[in-house]
Amino acid sequence: MAAVFQPAVYNQLPSLEEAQKLRDEPFVNDVINGPIRDLFLKYASDAVFCLYLQHRHHKLSEGEKIVKVGGTAHLMDGQQMKDVERFGNKIVPTTWMTSDGTAIPMEFASVPSSQKVHFPSGAFMAELATVLRSNGCEDMFGIDTVADSAWSELSVGNASVVVPCSDDSEFDKEEYIPVAFAFQEDKPAFIVHGRCGSDHKHTKAAN
């Protein structure tokens with residue numbers, strides 16, 4: 001079962017640049033396309049979730065969370081989240097990190113209170129942690145909720161803006177690091193589902 005959100009654990013995540021260096025190890029793609037892909041298909045999780053290269057853009061203070069509203073992720077404190085919920089919304093996890101074999105909510109979204117929300121099963125997350133540990137990828141990956149289309153994330157001020165993108169888009173793919181990897185039963189290799197700009201940094205510091 002997933003643990004509660006822990007800002008201190010989030011703050012220990014690597015930066016995007018550091019995470020990319022870990023993922024660039026030659027063996028990692030084979031692990032993603034092999035035992036990790038097999039696990040997603042085994043639990044039929046590929047329709048709802050994708051693999052996520054866990055990293056941080058912020059340093060959070062106690063009580064803060066990263067909450068996506070529409071296509072923009074904001075740093076929010078408890079009162080700000082309550083303000084959002086007053087309009088008939090709920091704050092739910094959409095991304096989970098793995099840490100010491102435990103699944104921990106990492107990023108959140110505001111959705112209508114009536115909306116059905118998907119959560120990964122405890123069995124799936126426990127087996128994912130085992131697969132990661134046994135293949136030299138411990139604490140490297142978590143999972144993210146699959147979006148309606150592939151996306152890219154860029155920083156605008158202190159917010160993260162997520163925009164749909166396609167392979168024929170004109171953006172410079174060299175400047176956007178793959179961070180979300182989707183699977184399909186009829187495709188033997190992962191599909192890049194999400195990217196973050198290599199210069200995607202925020203200056204927010206914990207109090």
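- One hydrophobic cluster, built from ILVMFWY side chains closer than 4.5 Å, holds both Y52 and V162.
- Both W96 and V131 belong to a single network of hydrophobic side chains, linked directly or stepwise wherever heavy atoms of I, L, V, M, F, W or Y lie under 4.5 Å apart.
- Side-chain contact check for N33 versus P188: every heavy-atom pair is 4.5 Å or farther apart.
- Using modelled atom types, no side-chain atom of N135 and backbone atom of P35 make a donor-acceptor pair closer than 3.5 Å.
- Here CD of E153 is found 9.0 Å from CG of L16. Values are rounded to the nearest 0.5 Å.
- Contact check for F49 versus T145: side-chain heavy atoms found under the 4.5 Å cut-off.
- Nearest heavy-atom pair, T94 versus A109, reported as atom, atom and distance to 0.1 Å: CG2-CB, 3.6 Å.
- Look at D24 and K21 and you find no salt bridge, because none of the NZ, NE, NH1 or NH2 atoms lies under 4.0 Å from a carboxylate O.
- Under the 4.5 Å side-chain heavy-atom criterion for grouping Ile, Leu, Val, Met, Phe, Trp and Tyr, L41 is not connected to L132 through any hydrophobic cluster.
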Could you check T98 against Q54 for side-chain contact (heavy atoms from CB on, under 4.5 Å), going step by step and ending with a plain yes or no? CA-CA 8 Å; T98 57; Q54 50 194 43; 3.7 Å; yes
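- In this view, E18 and S15 satisfy the side chain to side chain donor-acceptor pair (under 3.5 Å) rule, not counting sequence neighbours.
- A distance-only check finds a donor-acceptor pair linking the side chain of K90 to the backbone of S113 [under 3.5 Å].
- Note that CD of E107 is 5.0 Å distant from OG1 of T95, once rounded to the nearest 0.5 Å.
- Interatomic distance, F27 CZ to I32 CD1, rounded to the nearest 0.5 Å: 9.5 Å.
- A salt bridge links K42 with E127; the closest basic N to acidic carboxylate O contact falls under 4.0 Å.
- Clustering ILVMFWY residues whenever any of their side-chain heavy atoms sit less than 4.5 angstrom apart, transitively, puts V117 in the very cluster that holds I91.
- If you take CE on M106 and CD1 on I143, they are separated by 11.5 Å, rounding to the nearest 0.5 Å.
- Counting non-hydrogen atoms of other residues, nucleotides and ligands closer than 6.0 Å to CG of D186 gives a total above 12.
- Applying the ring-ring contact (aromatic ring centres under 6.0 Å, His included) rule to pairs touching residues 98-117 yields F5-F108, sequence neighbours excluded.
- Taking all atoms of both residues into account, the shortest heavy-atom contact from L75 to Q80 is O-OE1, 3.8 Å.
- Contact annotation: the side chain of Q79 approaches that of D83 to within less than 4.5 Å [non-hydrogen atoms, C-beta and beyond].
- Closest heavy-atom contact between V31 and C137: CG1-SG, 4.1 Å.
- Taking the ring centroids of F183 and F40, they lie under the 6.0 Å cut-off.
- Shown here for H118 and V48, the closest heavy-atom pair between the two residues is CB-CG1, 3.5 Å.
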side-chain contact (heavy atoms from CB on, under 4.5 Å) evaluation trace for V146 with D46: CA-CA 8 Å; V146 169; D46 52 300; over 6 Å; no
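- The closest side-chain heavy-atom distance from V69 to M76 is below 4.5 Å.
- Side-chain atoms of R56 come within 3.5 Å of backbone N or O of N11 as a donor-acceptor pair.
- For the pair F181 and R23, the minimum side-chain heavy-atom distance is below 4.5 Å.
- Between H55 and H57, the ring-plane angle classifies as perpendicular under the 30° and 60° cut-offs.
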Any chance you could lay out the side-chain contact (heavy atoms from CB on, under 4.5 Å) test for M97 and L13, step after step, and finish with the verdict? CA-CA 9 Å; M97 57 182 157; L13 289 174; 3.7 Å; yes
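- Here the shortest heavy-atom pairing between E64 and P7 reads O-CG, 4.2 Å.
- In this structure, the separation between CD on Q12 and OH on Y10 is 12.5 Å, given to the nearest 0.5 Å.
- Of the inter-residue distances, the one linking L53 atom CG with C196 atom SG reads 9.0 Å to the nearest 0.5 angstrom.
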Using the ring-ring contact (aromatic ring centres under 6.0 Å, His included) rule, take F190 and H193 through it: C-alpha gap first, then chi angles, then the decisive distance, then the call. CA-CA 9 Å; F190 63 79; H193 185 63; over 10 Å; no
Verdict with supporting geometry, C165 and S152, side-chain contact (heavy atoms from CB on, under 4.5 Å): CA-CA 6 Å; C165 70; S152 290; 3.3 Å; yes
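- At a threshold of 4.5 Å between non-hydrogen side-chain atoms, the residues V163 and W151 do not count as touching.
- With a 4.5 Å cut-off on side-chain heavy atoms, Q6 and I104 count as touching.
- Side-chain contact between K65 and M81 is present, with heavy atoms from C-beta onward closer than 4.5 Å.
- The number of heavy-atom neighbours closer than 6.0 Å to CD of E185, taken from other residues, nucleotides and ligands shown, is 12 or below.
- Considering all non-hydrogen atoms of both residues, S110 and V67 come closest at N-CG1, 3.9 Å.
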